[in-house]
Amino acid sequence: MHQRVLAASVGIAALALALTVVLLAQVPAAAQAPKAATPAATKPAPATKAAPAAKAWTVPRTPEGVPDLQGYWTNNSYTPLERPNGVTKEFYTLEELRQVEKKNAEREEEQTTPGTVADVHYDFTQFGLDRSQTRLADNLRTSVITNPENGKLPPVTPEGQKRAADRAAERKKQGAQYDQVQNIPIGSRCVWMNAGPPMMPPGYNPAYQIVQSPGYVTILVEMLHETRVIPTDGRPHAPAGVRSWMGDPKGHWEGDTLVVETTNFNDKVAFRGASENMKVTERFTRTSDDAIRYEFTVDDPSTWERAWKGEMPFVKIGGPIFEHACNEGNYGIANTLAGARKEEKKAAEEAAKKISTK
Amino acid sequence: MVTSLVTSGLLLAVTTVAGQAPAYRAPRTPDGKPNFNGIWQAMNTANWDVEPHAAGPSLVRELGAIAAVPGGLGIVEGGEIPYRPEALAKKKENQANRLKLDPEIKCYLPGVPRAMYMPSPFQIIQGQKHIMIVHEFAGAVRTIYMENHTEAPADSWMGWSNGHWEGESLVIDTKGFNDLSWFDRAGNFHSDELHVVERIRARSPETLSYEATIEDPKVFTRPWKISMPLYRRVEPNAQLMEFRCVEFVEDLIYGHLRKQPSK
Amino acid sequence: MNRRILAWVDVLALVIAVVSLAVIPGKAQTRSASARANNIPKPYAPPRTPDGQPDLQGFWTNSTYTPLERPRNVTKEFYTPAEAAEAEKKAAARESELTTPGTVADVHYDFSQFGLDKSQATLARNLRTSLIVNPENGRLPPLSAEGQKRAAERAEIAKRVGRWDSAESNQLDDRCLIMAGAGPPMLNAAYNANYQIVQAPGYVMILTEMIHDVRVIPLDGRPAPHRNVRQWMGVSRGRWDGNTLVVETTNFNGKNPLEGSSENMRVTERFTRVASDTIQYTFTVEDPSTWTRAWTAEMPMRTTQGPLFEHACHEGNYGLYNTLVGARLEEKKAAEAAKSK
Amino acid sequence: MRARFLGPMMIAAAALLEAAPAPPQAPAQAPAYRAPRTKDGKPNLNGIWQAVNEANWDLEGHGAAPGPFWQLGAEFSVPPGMGIVEGGPIPYKPEALQKRKANFANRMNLDPEIKCYLPGVPRAMYMPYPFQIVQSTDPIMMVFEYAGAVRTVYMKKQPAPADSWMGWSNGRWEGETLVIDTTDFNDLSWFDRSGNFHSDALHVVERITALAPNHLNYEATIEDPKVFTRPWKISMPLYRRIEKNAQVLEFKCVEFAEDFIYGALRKVPLK
């Protein structure tokens, strides 16, 4: 993650980054208000703290009559996918959550101060890369994973373990990280930044825009200008040979919930070690003017012994989303590789000098 | 002279006919706007060259006929782009060095209007406040702001698009471009003063007519216009697919920086 | 011409095409008695297509021994039938000589066996002593200054570049790119001078057997495209003038010059069905940057029997390959010989 | 069998005809489109047509992939396609599948398209170039921009004189549909740039039906007992080129392929 930030986008992309985050930072005042209520809203119904069904809220609808999910959203969060070791409860109190947020924000900010971490290239604060500068989608959960109930990924199957070992061996075979562009993490290469599904918050710019048209729900992801165009007309999945990073999403409405089932991933996505057989089922439910409840199930018997589930809120932010032209401004890769070649040359020269002076 | 008379006569005739023909009225979205939702694609050779051009060989011998240039009648009205002399020289240089310079080869965002006539589909997603145009090539996206029009916050590849309806037409005004995208593989180009006004209207249930006026005082002596039909992809299973080409161009861009040089 | 034939080994296609053509309809032969009437259209009402165009459809040939230009020693415009038969006989004898090894420098094909003799297929007989009818001397008009200069330049280039140096330095027809006479104007191919005309509403299509070159000619009055759009066969636009199909062609690429023409050439063709078995084909060539004046030629096209078979010339072009291999071998041999001296 | 294919076709037809989204109606009830007629009373298929899909890269459904020639980057990368083969993969015999894979591995040397060879059938129908149907009573011609290929469809049945690249086509009308039966192919053409191939036992039966004024439905059943375990089918729409000045232009690609084919035999080698 850290490397990604370093290697990607030093020039034009940085400008774009700065701009977007500035834009996003202008959270509508109204959206700020119900902050305290939000975490509770994401809690499952059977939880002890009752859901605030205080005033009768009705879901807005698009002109064609389906629930209206449109607008700008974020799932910005410090909540980890898996429950940290040592934490045993499912939910923090609000005070505890604020503590966690504060600690994380401080850790991020440290990166700003030269000397505190090994390689500070960006000023996180200046470029708005601190998550705490954007609106957080508060979540009282101690982990995104809700099932298994321990908040951890299920055990990996023998097949999954073998695949992980094979992948590691293959990576090793390819040489060191900066030997060739293909060895550099995929995000730094502007190929893929885990836009999902499932849609986990990225390190920065966790911004989304949802636009609906008859028969479609479209989600624009700021990072890498990814777009998920989800048909809701009941058509079947693409043929098995059609593989892609974002997979092939097909949606339908169950009551007021948008259910999206995605298959046809390629074997390079490898979300948490998954295979190309992964199936992700997502559920988007608008729970208030300000929030969407996002639940997902990951099903991949060739990787995990059982399916697992996660949940997080999306909350409103101000728009617009600006172009993230990552590849186009990716000076980082060329500079990093050129640097590596230079260092090798220097090392070789020094070695030669040593030999000759002996 | 004779030719130009004939041509203008013909244009007149066409205009008259078009003027008399009852204009097609597009079906409406639930909120009463012409409904352009769908997957669309141009079917012409404009991405090779927006100007009229003859068939020609590929710059890459190894590809034989497979990547040769098909001839095309062009989509520029009147045939030629009104370059300033120094800009025309740059266009020719671009064309000669296309393999090094064409942003398409490097999987860079295609810009406007090129995104509209790339040989791959795009989808129009028509929301009420925003109309999205999602392109298969490089996953490029345009957001057309239908309300709260603002200036571009900064320059970008795809520009900043404000749209409005004029009867049956969607009019899109796009500025805020950087000077890095091209119009085609022939090296036709623009500066960061590019201003594109597009007019899109339905001409039948399965076709749109697309026009764009292109203005860029740094590069052209006057505004000029392109026009072409767009075709709805009518396969029952038509869908926009992923063409994440960055991965396909990395050896091209960074191959020389490999530890073990690629053969 | 001879070389051209050498270069091909796609014999099968040729054989089949010509064999099927060799079945000459008897009718076509009998009309030659009235042949002098070629240029005097009798009141003939051509059949009509379902959409009302004069019907030119069918299989046609313009195979002939009549030269484009009148031979130097001939002064009259028409032969008598006897003279024409004599000229034909002589030309056919010359062709069949190509069959007998030793008679010409390099016999690779057996002309008679492979049906390459024109005399084996339908001939579109013609009493004219030349296809050119204007200038009246039956010869091409003088070259303009520009035309002379271009001809000199071409000769200069031809001197510099060896014919077998590369595929590109071979002749266009050896390369299966386009036949010299593919036109327009549609001059008479050395063999397989066969055409199929098919009409559809708004279009006349002419399929040329050689290299399956097709002309799809729109009749709706559309203008020629922008001058940048250049093609080997130009761009054709047609219209009906009474019962005559008039086709104007421009936008040539200039790489297949007709008798030294430039890319500015304009060809106007007129197709008139003058009898059930004859189309009178007249064309005028205008190219001020080559000739001091326009010139006009005329010939009949006669019905022949179909079908036309696929002439996959390039796909079976072993000749070009073998010729280049041979040239490289000979160079090697020569170099070695020079060394050993 | 037939009814199954009619279903989606008619849905599409209905969708095309009606301005509003087609109501969820049983396909069988949708009124079939009746094409305008030529003067001799046949469905009028005249026009300039073109496929808009990725089948020429690979008939079967496929994701995006790097192209076989990295120097052209994204311009020559494989665009993803849903595929036009109905119902699963092409039913190759095991040894034929091996050959298909070998073809794919050597496609930059073997694909006839690189050499500007005639495209064969059905490939000619989905090359990324237009073609024109010139429909007389008999024959019906198809004139392709790519390599200037031509097909003659004989409406009065004629026997094939010999094998050829484009095969020998006999046609007939079945109501709204032009049915073309093509045999006598040589074994040299491919179906796409992925090395899908056939033998000289190839037999293609095409069914072309107007769906709407500007669309044709194209289906072909492909049979070749030397290569496939059973007949299989492709289907796709064809689009009318509707520009006022639409025209099949000249693409004499022999010239563009010569250095590829003969470049090694130059007197002065190319750099």
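A note on names: the letters A, B, ... follow the listed sequences, proteins ahead of strands, and every chain is numbered from 1.
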Check: Do C:Asp165 and D:Val268 have side chains that get closer than 4.5 Å, going by heavy atoms?
Finding: no

Note to self: Quick check on D:Phe69: does its CZ atom have over 12 non-hydrogen neighbours (other residues, nucleotides or ligands) under 6.0 Å away?
What the structure shows: yes

Check: Counting heavy-atom pairs under 4.5 Å to chain C, which of D:Lys267, D:Gln158, D:Met141 comes out on top?
Finding: D:Lys267

Check: Once you round to the nearest 0.5 Å, how far does NZ of D:Lys252 lie from NZ of C:Lys255?
Finding: 11.0 Å

Item checked: chain C-proximal positions within residues 104-124 of chain D [heavy-atom distance under 4.5 Å] -> D:Lys115, D:Cys116, D:Tyr117, D:Leu118

Note to self: Listing request: all salt bridge (Lys or Arg N to Asp or Glu O under 4.0 Å) pairs with a residue in residues 134-152 of chain D, at least two apart in sequence or in separate chains.
What the structure shows: D:Asp138-D:Lys156, D:Arg151-D:Glu206

Notebook entry, point to check: Quick one: what part of C:Asp220 sits under 4.5 Å from any heavy atom of chain D, side chain, backbone, both or neither?
Noted result: neither

Note to self: Would you say that D:Asn186 contacts C:Glu315 through its side chain, given a criterion of any heavy-atom pair below 4.5 Å between the two side chains?
What the structure shows: no

Checklist line | Non-hydrogen side-chain atoms of C:Val235 and D:Glu250 separated by less than 4.5 Å | finding: no

Check: Given that the side chain runs from C-beta out, which part of D:Phe251 has a heavy atom under 4.5 Å from chain C: side chain, backbone, both or neither?
Finding: neither

Margin query: For C:Arg222 versus D:Ala246, what's the shortest heavy-atom pair and its separation?
Written below: NH1-O, 2.7 Å

Next item on the list: Heavy-atom distances under 4.5 Å only: say whether D:Ala264 touches chain C with side chain, backbone, both or neither.
Entry: neither

Checklist line | Rounded distance (nearest 0.5 Å) linking atom CH2 of D:Trp165 with atom NE2 of C:His314 | finding: 8.5 Å

Notebook entry, point to check: For the residue pair C:Phe309 and D:Ser164, what are the closest heavy atoms and their distance?
Noted result: CZ-CB, 3.8 Å

Notebook entry, point to check: Below 4.5 Å, heavy atoms only, C-beta onward: do D:Val143 and C:Val214 meet side chain to side chain?
Noted result: yes

Checklist line | Residue from C:Leu207, C:Val198, C:Val204 passing side chain to side chain contact (heavy atoms under 4.5 Å, CB included) with D:Val134 | finding: C:Val198

Notebook entry, point to check: What option among D:Leu249, D:Asn245, D:Leu188 has the most heavy-atom pairs under 4.5 Å with chain C?
Noted result: D:Leu249

Item checked: Region of C:Lys332 in contact with chain D, defined by heavy-atom distances below 4.5 Å -> neither

Notebook entry, point to check: By a 4.5 Å heavy-atom criterion (distance strictly below it), what part of C:Glu331 contacts chain D: side chain, backbone, both, or neither?
Noted result: side chain

Item checked: Proximity breakdown for D:Gln132 and chain C, heavy-atom pairs closer than 4.5 Å -> side chain

Checklist line | Minimal non-hydrogen separation, C:Glu310 against D:Gly167, with atom names | finding: OE1-N, 4.5 Å

Notebook entry, point to check: How would you list, in number order, the residues of residues 50-62 of chain C that have a heavy atom less than 4.5 Å from chain D?
Noted result: C:Pro50, C:Asp51, C:Gln57

Checklist line | Per-residue contact mode, C:Tyr203 against chain D (heavy atom under 4.5 angstrom) | finding: side chain

Check: So which bits of residues 38-49 of chain D come within less than 4.5 Å of chain C, counting non-hydrogen atoms only?
Finding: D:Lys39, D:Asp40, D:Asn46, D:Ile48

Next item on the list: Evaluate the side-chain proximity of C:Asn317 to D:Tyr262: yes if any heavy-atom separation is below 4.5 Å, no if none is.
Entry: yes

Check: Does D:Arg266 reach the main-chain N or O of C:Glu168 with its side chain, forming a donor-acceptor pair under 3.5 Å?
Finding: no

Checklist line | Structural part of D:Thr152 lying under 4.5 Å from a heavy atom of chain C | finding: side chain

